[in-house]
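Accompanying notes for the structure given below.
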Amino acid sequence: MSRYWSKVVDGLTPYVPGEQPKLPNLVKLNTNECPYGPSPQALAALRAEVGDTLRLYPDPNSEGLAASIAAFYQLKPAQVFVANGSDELLAHAFLALLKHDEPVLFPDITYSFYPVYCGLYGIEYRQVPLTESFEIRIDDYLTPNGGIIFPNPNAPTGRPLALAEIERLLRANAGSAVVIDEAYVDFGAESAVGLIDRYPQLLVVHTLSKSRALAGLRVGYALGDAALIEALRRVKDSFNSYPLDRCAQAGAAAAIEDRAHFEQICAKVIASRSRLASDLAELGFDVLPSAANFVFARHSRHGGAELAAGLRQRGIIVRHFSNPPRIAPFLRITVGTDAQCAALITALRAILA
Ligand SMILES: Cc1ncc(COP(=O)(O)O)c(C=O)c1O
């Protein structure tokens with residue numbers, strides 16, 4: 001606190017990102033990064049961009065990258081917006097599309113950045129409880145609202161929602177924007193991208209941080225009707241005209257174009273996830289069905305905080321949330337390589353013994 005702070009800053013409760021420890025040799029299963037490296041073609045494109053042209057500002061609208069993304073999804077470039085990580089994109093979406101007189105709706109257990117954006121931009125919100133089994137129930141969203149946002153699959157539960165349910169929501173909710181945050185969709189959920197041409201209120205948000213193994217590059221993109229994209233662009237150009245540097249634009253475009261590498265990464269993570277889930281179940285964990293690159297699991301006899309601390313002592317970090325209390329018994333565990341998952345299971349076996 002300082003006398004120089006604005007009222008807005010004084011009232012903020014910022015998001016707390018997962019730890020990025022400096023210690024070497026930790027098994028890092030806490031921030032849902034990809035355990036495999038990025039596309040070699042992306043790395044080559046990044047390197048090729050390091051040179052004299054760095055004197056010059058990058059393309060403010062990342063048109064080459066937007067064209068690659070549009071081609072991947074068979075959309076028009078005007079239906080694509082790119083940003084410096086999907087976090088930045090989500091921030092723009094809250095201001096551009098979700099700030100209205102009625103409150104924006106999102107689940108009570110979800111990506112904890114959403115209420116932070118509301119705090120930053122002074123947006124009213126209402127948190128809609130998940131069901132007993134930690135599912136999003138669309139009927140609970142069929143009320144007057146200033147917009148709706150949730151991840152599919154949801155985070156940190158990993159539970160997917162069927163596309164038919166999202167379409168039911170879109171049919172019933174034409175009057176406000178519906179933002180589906182598909183950060184983890186490539187690991188097994190159904191994408192809503194195919195609905196974009198029929199529902200002008202739908203914005204689908206993706207990231208290169210998970211299924212393209214490029215969390216360090218900071219690239220996210222949104223897909224939707226050109227009018228929604230224009231709204232995001234108006235916010236971007238009132239905030240930072242050049243959110244993606246030249247290297248990020250080149251590397252991201254090459255990553256999108258390397259479909260084989262992307263598909264291989266996703267297949268490996270999905271296979272490891274099912275082994276990890278069954279190994280955890282054998283140790284007495286209740287594991288929620290996950291379509292993401294992480295699992296959300298609780299043990300019948302041991303608390304989440306206790307298990308997270310025990311794992312940390314053994315050089316393994318996972319994510320534990322003490323709030324809301326309903327999820328305090330859970331650990332959110334990123335699906336690592338098979339060797340990392342095996343190390344986790346060995347450590348848990350020792351802790352539970
Ligand atoms: C649901 C969800 N959305 C968005 C993001 C942000 O991803 P990024 O800013 O790396 O693109 C995350 C990050 O973990 C997430 O869990």
Side-chain angles (χ1 to χ4, degrees), residues 14-20 28-35 38 42 62 65 69 80-94 98 104 106-118 120 127 130 134 136 148-161 166 178-189 191-192 203-223 232 236 240 243-245 248-249 251-252 255-256 262 265 269 288 290-296 317-321 327 330 332-336:
Y15 175 73
V16 182
E19 186 190 355
Q20 296 296 340
K28 189 172 178 306
L29 303 177
N30 68 330
T31 49
N32 301 339
E33 288 137 334
C34 183
S62 304
L65 171 56
I69 294 169
V80 179
F81 175 85
V82 301
N84 190 249
S86 62
D87 280 338
E88 181 184 88
L89 206 158
L90 290 166
H92 290 351
F94 269 86
L98 302 176
V104 57
F106 48 80
D108 62 339
I109 297 168
T110 195
Y111 188 33
S112 45
F113 227 135
Y114 300 161
V116 176
Y117 298 129
C118 292
L120 179 62
Q127 292 172 298
L130 295 182
F134 297 93
I136 291 171
I148 296 170
I149 180 166
F150 54 79
N152 187 35
N154 195 12
T157 64
R159 291 208 75 148
L161 184 65
I166 291 177
V178 175
V179 180
I180 309 294
D181 178 352
E182 294 191 347
Y184 302 102
V185 77
D186 300 322
F187 302 107
S191 174
L203 189 79
V204 178
V205 178
H206 279 221
T207 176
L208 272 70
S209 299
K210 316 293 178 182
S211 55
R212 261 93 181 183
L214 283 169
L217 200 63
R218 310 305 299 127
V219 184
Y221 56 94
L223 307 168
L232 296 171
K236 173 193 83 93
N240 175 10
L244 260 71
D245 61 59
Q249 292 186 30
I256 294 289
F262 156 74
I265 283 181
V269 169
L288 298 191
S290 170
N293 67 343
F294 57 85
V295 295
F296 204 49
I317 49 174
V318 297
R319 193 93 197 251
H320 172 256
F321 300 93
I327 59 168
F330 284 85
R332 193 198 66 191
I333 306 168
T334 302
V335 178

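Every number for a ligand or one of its atoms is a count from 1 in the order of the listing.
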With Tyr184, which of Thr207, Asn293, Asn32 fulfils side chain to side chain donor-acceptor pair (under 3.5 Å)?
-> Asn32
Ser86, portion touching ligand 1 at heavy-atom distance under 4.0 Å = both
Under 4.0 Å from ligand 1, counting heavy atoms only, is it the side chain of Asp87, its backbone, both or neither?
-> both
Heavy-atom distance to [atom]: which of [options] wins?
atom: atom 9 (O) of ligand 1; options: Arg218, His206, Glu88, Arg332; result: Arg218
atom: atom 1 (C) of ligand 1; options: Leu89, Thr334, Asp181; result: Asp181
atom: atom 15 (C) of ligand 1; options: Phe150, Tyr184, Tyr114; result: Tyr184

With Leu208 as partner, the option from Lys210, His206, Arg212 fulfilling side chain to side chain contact (heavy atoms under 4.5 Å, CB included) is Arg212
Are any of the heavy atoms in Phe113 under 4.0 Å away from ligand 1?
-> no
Heavy-atom gap Asn32 to ligand 1 smaller than 4.0 Å | no
Candidate pair Thr110 and Asp181, rule side-chain contact (heavy atoms from CB on, under 4.5 Å), full reasoning | CA-CA 11 Å; Thr110 195; Asp181 178 352; over 6 Å; no
Atoms of ligand 1, numbered as shown, that sit under 4.0 Å from any heavy atom of Ala183 | 2 (C), 3 (N)
With a cut-off of 4.0 Å, which atoms of ligand 1 are near a heavy atom of Ser209?
-> 8 (P), 10 (O), 11 (O)
Starting from atom 14 (O) of ligand 1, which protein heavy atom do you reach first, and at what distance in Å?
-> Lys210 NZ, 2.9 Å
Quick one: sort the Phe330 and Phe296 rings into parallel, tilted or perpendicular, breaks at 30° and 60°.
-> parallel
For Ser62, the side chain to side chain donor-acceptor pair (under 3.5 Å) test, sequence neighbours excluded, returns Gln249
Among all residues two or more places apart in sequence or in another chain, which pass the side chain to side chain donor-acceptor pair (under 3.5 Å) test with Ser86?
-> none
Step through it carefully: locate the ring centre of Tyr114, locate the ring centre of Tyr111, and say whether they are under 6.0 Å apart.
-> yes
